[in-house]
Structures are given as structure tokens and as C-alpha cells.
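A short write-up of the structure that comes next.
Because the structure is a prediction, the values reported are computed rather than measured.
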Amino acid sequence: MKNLRFICIAFLVIIIGGCELLTGSDSDDEIEEPSDEKQFVWNAMNYWYYWQGDVSALADNRDDNEGEFWRYLNGFSDAEALFESFRHPDDDFSFFIDDYEEYQNEQDGIYAALGLNYGFYYKDQQQTDLVGYVRYVIPGSPAEDAGLERLDLFTKVDGTTITVNNYLDLLTNDSAHDLTLAKIDTSGSNIQYVEDETVTVESQEVIEDPVFASEVIDTSGVKIGYLMYNSFQTNSHQALNDVFSDFKNQAINELVLDLRYNGGGAVITSQLLTSMISGLGSSTKFGEFEYNEKRSANNNREVFFLDEVPLENEDGDIKRDNEGNFENSESMNRLSLDKVYVLTSSGTASASETVINSLLPHIDVTYIGLKTVGKDEGSLTLYDAPSPYLNSDEANSDHKKAIQPIVLKIVNADGEAYPTGFAPEGYTSDGCPDDDSDNCVSEITLDNILNKPNLGNPEEPLFSRAIDIILGQQTKRRAGVKQIKMKEAPLPTGFDAFKLHRQGMFVEPYMMPTGEKR
């Protein structure tokens with residue numbers, strides 16, 4: 001009987017165990033397949049991410065065991081959480097895209113916004129309360145309709161005093177906002193801010209022309225061209241070429257390129273702008289791309305200046321034919337200058353910095369203003385489409401998710417990058433010295449705020465310094481006005497007031513090597 005009971009128990013254990021093997025919770029057959037979005041994020045990041053070889057979760061063998069791989073992907077709440085888990089410690093600029101159609105519009109300068117670019121500075125030495133200031137206003141925007149102008153000041157948003165604890169959050173949504181404007185009173189021993197009026201600024205679709213201002217001034221017999229360019233957008237190539245046509249027709253001697261508010265954009269547009277400035281073409285190296293380890297055979301891919309102006313097709317794309325020629329282009333207006341003066345700030349990044357870096361081996365570049373960000377990395381929009389994930393026309397129609405990961409680093413013709421940015425002569429870790437020496441210039445001074453010169457005005461501090469350098473004269477100081485600098489409050493990496501270019505540098509799909517090495 002004991003032996004029979006033992007046999008029956010053993011038989012039951014075998015049956016139960018076998019059932020568990022077939023239907024238990026650990027069976028691969030019962031593992032839910034991860035969402036398309038999650039599988040796309042892993043596949044695309046494994047294929048393209050610049051730091052793929054340094055992120056263990058993106059190792060090529062990570063998906064060898066399908067069951068374990070699916071469990072891993074299902075451990076994340078959504079595709080964005082999975083994407084964020086892959087970030088390398090050196091990566092400050094990759095980001096997830098909720099709706100790539102909306103993002104494509106933003107890349108063309110179309111987005112919901114108030115229409116003002118703004119910054120903040122500390123109100124007093126305690127550095128607790130802040131003052132907001134208008135950097136510039138987009139023509140035809142709600143901000144212009146509300147009567148706002150460059151260097152208008154505001155101390156409250158929606159009735160809330162601006163402080164170091166809230167200033168990054170007050171204006172970052174798409175809602176309408178009430179701004180409490182203020183004026184400076186210098187009649188006493190200290191600067192006082194007198195609240196003036198409250199204006200309501202609506203939020204609506206805004207279309208920004210990145211060619212914000214262009215001027216030609218003739219001073220002391222020198223014709224100086226001035227261009228403020230605020231975003232490297234491929235749909236602005238025609239407008240840029242038209243500006244340079246005007247510069248050529250007016251036979252300018254010098255060029256001042258204002259990139260102080262330009263957080264970046266398309267690499268091909270920086271190629272175009274530098275080609276128009278320098279006159280260099282496809283026989284001269286613009287720089288080199290360096291990719292991840294999976295594409296090590298394609299490292300040091302040479303990129304050249306341009307001979308023609310590439311234009312978007314009706315779908316908003318720039319494409320080359322099988323011979324490498326642009327399918328849509330026009331002749332280029334070139335200045336062929338041997339030097340250029342670039343106005344910079346703490347928001348000048350990526351494609352803007354690439355303009356400086358790519359020109360340095362070939363012509364003299366003088367930068368004036370504040371230290372730039374230091375972003376020498378390029379990104380690529382990837383879609384849930386067949387490998388290599390570049391074609392939005394083939395994207396999964398069930399969702400609009402996409403990713404914008406860093407996929408390369410760029411160096412100039414001399415092999416030099418700019419990971420710490422470009423610091424104008426005279427710049428210190430505390431900003432510009434009190435004597436306003438060398439090429440370190442801040443626009444947030446009492447003098448400038450009181451007088452409010454427009455961008456492109458020879459009295460505007462950065463442009464004025466460039467003119468002084470060009471003419472070889474001492475910096476002019478306005479008599480009878482206190483030369484007081486305001487300390488600007490820092491904006492975090494990637495923060496770009498009112499728009500979502502995120503200090504990015506974007507490459508066109510045709511620039512990328514698609515041969516996979518696994």
C-alpha cells in the first residue's frame with residue numbers, strides 16, 4: 001500500500017508539473033507580445049543610437065531569447081519609459097516624439113505658441129525673485145497683437161510672482177497667459193520695478209520665419225551686412241539665398257551673423273549658410289560624421305560644402321538622385337568672405353555652433369556675446385517603419401510615435417569638435433567682466449533695457465561691439481547712463497523658449513549609412 005501511495009503521488013506531481021509547463025505563468029506561450037511602439041524603440045535604438053555599444057540593454061544579443069526579451073519590454077509602462085531607460089549619461093539631447101506629424105510642423109516653424117521668445121534675470125542680489133524679459137516677438141503672433149516689444153519686462157505670470165522655484169514652468173504650456181508688465185525706476189539709489197499693466201497673450205498656431213532680420217548699414221565707408229537667423233530650417237533655404245542676393249547686390253564688405261537665439265536645426269542648412277558666406281564648394285571638406293560602433297566602418301564620413309541651394313520637394317523633403325545630385329535646387333548666391341562675425345549667447349547651440357566650427361579651418365571667425373552650449377551631436381527622426389526606420393511614408397499607421405536619438409558626432413575638417421562650446425574672448429565662468437572687455441557682451445544691461453534698441457540697430461550692444469571691431473575703434477559708451485549688468489538666470493540644457501527645436505542638430509536620411517554590422 002505504501003508503495004502504491006508513493007507511485008500515485010509521484011504520478012500526480014508529474015501531471016501537475018507537466019500542466020504547469022504547458023499553461024503556467026512562466027510559459028513563453030502566455031507572455032503577451034509587447035506593443036509595436038516598444039519593439040520599434042528597441043530595434044531603432046539598437047540600430048542607430050550613438051552610444052549603443054555602451055548601453056547593455058541595447059546589446060545585439062538582448063533579443064536572442066524571445067520570451068525573456070518580451071518580459072523585459074513589458075516591464076516598462078510605455079514606449080517613452082523604455083526609450084528614456086536607454087539614455088547614456090552623456091546624452092542630454094535625445095527625446096521621444098508623441099506625434100511625429102506635429103513634430104514635423106514644429107520643425108517647419110509651425111507650432112502653438114504665444115509668439116514671444118523670452119529669458120529671465122535675477123531681480124536683486126538675493127537671487128530669489130526674477131524678472132522676465134522679451135527677447136523678440138514674432139510678427140503677426142498673439143504677442144505682437146498684445147502690444148509686446150523687445151526688452152519689455154514682466155514680473156508676474158497669471159498673477160504669480162516669478163521666482164527661482166517656478167520660472168521654468170510658468171510659460172511652457174500652450175495656454176493663454178496674463179503677463180504683468182513692469183518698468184524700471186532709477187530715480188533712487190537702487191533699481192526699482194514698478195508694475196505697469198497686465199496684458200493677456202493668447203496661444204494659437206504661429207508660423208515663424210527663421211530669417212528674422214537683415215540689414216545693410218554703411219558706416220565710415222564700410223558696408224556691413226547683418227543677418228539674424230533663428231532656426232536652421234530646410235524650408236528657409238530660398239529666403240536665405242534671397243538675403244545673400246541682396247547682400248551681393250549691395251556689395252557688402254563685412255557680415256555680422258546673429259545666432260544668439262538660434263538653438264539649431266538641420267545640418268544641411270548649416271552647410272548651405274557656410275557655403276554662401278565662404279564661397280567654398282563641394283571640393284572642400286565641411287566636416288566629418290562619426291557613428292556608433294555598429295557603423296565603425298563608416299566612421300569619418302566626409303561632408304562637404306555645397307555648390308548649389310538644395311530646396312524641399314512638395315512633400316517637404318530634400319532628396320538626392322542616384323548620382324548624388326539634389327533633385328530640386330537653384331544656383332547659390334555667394335559672398336566669398338575671408339572673415340565673419342558671429343553673435344552668440346548661452347542659447348546658441350548645435351547647428352549654430354557647427355557654422356562656427358566648420359568655418360574655423362578656412363576663414364577667420366570672431367564670436368561676440370556669451371559662451372555657447374557645446375553640442376556637437378546630431379540626431380535623426382526614426383519611425384516605426386521597416387529597417388532602417390527612416391521612411392515616414394512606411395510608418396505603422398496604428399500610432400504616431402517616433403524618436404529623435406543622437407546618432408552621430410560631428411567634427412570639422414581639422415578633426416576638432418566643440419563639446420564645451422565657444423567662449424568669446426574675455427568670457428569668464430561668471431560671465432562678462434564689469435569692464436565689458438574684449439568680445440564678451442551681455443544684452444541684459446540697464447542701458448540696453450532702458451533704451452530698447454531693435455535687433456539690427458547699430459546701438460544694440462552685440463551688434464555695436466561687432467561694428468567697433470570691424471572699424472577698429474574703441475567701444476562706445478552712452479554718456480550719463482549707469483553701466484549695470486543684470487545676472488541672467490540659467491535655462492536648462494534643451495530649453496528653448498516658445499518652441500521645441502530643443503537645441504537640436506538634425507541630419508537628413510540620405511546622409512546616413514544604412515548598412516548594418518552585427
Side-chain angles (χ1 to χ4, degrees), residues 109 116-119 133-139 150-151 208-217 219 222-233 236 239-240 242-244 246-247 250 252-265 269-270 272-274 276-278 335 337 339-357 359 363-373 421-424 427 432 439-445 448 452-470 488 496-497 499 501 503:
L116 72 150
N117 190 305
Y118 56 88
Y133 71 95
V134 178
R135 290 170 169 169
Y136 68 89
V137 174
I138 296 177
R150 171 169 164 77
L151 296 179
E208 180 182 9
D209 183 352
V211 181
F212 185 81
S214 64
E215 306 282 348
V216 175
I217 66 168
T219 179
V222 180
K223 285 189 175 181
I224 303 173
Y226 170 87
L227 170 63
M228 167 162 270
Y229 187 60
N230 289 337
S231 177
F232 286 82
Q233 296 174 200
S236 69
L240 280 175
D242 291 344
V243 168
F244 276 76
D246 181 56
F247 286 161
Q250 297 199 51
I252 66 170
N253 309 112
E254 308 282 357
L255 175 65
V256 177
L257 178 62
D258 196 340
L259 300 178
R260 76 183 82 177
Y261 305 130
N262 194 318
T269 310
S270 64
L272 171 62
L273 184 55
T274 53
M276 291 192 293
I277 292 169
S278 66
L335 296 180
L337 299 173
K339 58 181 174 296
V340 65
Y341 303 84
V342 183
L343 308 185
T344 64
S345 77
S346 58
T348 303
S350 59
S352 291
E353 294 171 295
T354 296
V355 165
I356 296 173
N357 199 47
L359 287 174
I363 69 174
D364 291 335
V365 182
T366 299
Y367 25 100
I368 300 160
L370 301 177
K371 182 177 176 293
T372 66
V373 171
F422 296 99
Y427 181 86
C432 298
N439 298 341
C440 188
V441 184
S442 171
E443 67 179 6
I444 306 305
T445 66
N448 199 41
K452 300 174 69 169
N454 290 327
L455 294 162
N457 186 318
E459 296 298 321
E460 193 280 321
L462 276 70
F463 190 24
S464 177
R465 178 60 57 83
I467 294 171
D468 291 342
I469 295 171
I470 289 170
E488 193 153 10
D496 198 356
K499 57 187 178 182
H501 292 302
Q503 295 178 339

Side chains of [X] and [Y]: closer than 4.5 Å at any heavy-atom pair?
X    : Y    : result
S350 : V373 : no
I277 : I363 : yes
T344 : P424 : yes
F232 : P210 : no
E460 : E443 : yes
F463 : R465 : no
T348 : V342 : no
M276 : V243 : no

Next item on the list: Under the side chain to side chain contact (heavy atoms under 4.5 Å, CB included) rule, what do L335 and V340 come out as? Steps first, then yes or no, please.
Entry: CA-CA 11 Å; L335 296 180; V340 65; over 6 Å; no
Write down the atom of [X], the atom of [Y], and the distance for their closest heavy-atom approach.
X    : Y    : result
V355 : S270 : CG2-CB, 3.8 Å
N230 : F212 : ND2-CB, 3.4 Å
E208 : Q233 : O-NE2, 4.2 Å
P458 : S464 : O-CB, 3.1 Å
E215 : G456 : CG-O, 4.3 Å
V256 : A466 : CG2-CB, 3.9 Å

When rounded to the nearest 0.5 angstrom, what is the spacing between [atom1] in [X] and [atom2] in [Y]?
X    : Y    : atom1 : atom2 : value
Y341 : D364 : OH    : CG    : 8.0 Å
I138 : D209 : CD1   : CG    : 9.5 Å
S236 : L272 : OG    : CG    : 8.0 Å
N457 : K452 : CG    : NZ    : 13.5 Å
Y133 : E488 : OH    : CD    : 3.5 Å
E254 : K223 : CD    : NZ    : 13.5 Å

Note to self: Can you tell me which residue among L343, L240, D258 is in a side-chain contact (heavy atoms from CB on, under 4.5 Å) with L227?
What the structure shows: L240
Is the backbone of [Y] close enough, under 3.5 Å, to the side chain of [X] for a donor and an acceptor to pair up by distance?
X    : Y    : value
Y229 : S231 : yes
T445 : N448 : yes
Q250 : F247 : no

Next item on the list: Output, in order, the C-alpha distance, side-chain angles, deciding distance and verdict of side chain to side chain contact (heavy atoms under 4.5 Å, CB included) for C440 and L370.
Entry: CA-CA 6 Å; C440 188; L370 301 177; 4.3 Å; yes
Check: Quick one: side chain to side chain contact (heavy atoms under 4.5 Å, CB included) partners of A213, sequence neighbours excluded?
Finding: Y226, M228
Item checked: Between E353 and Y367, a side-chain donor and acceptor under 3.5 Å -> no
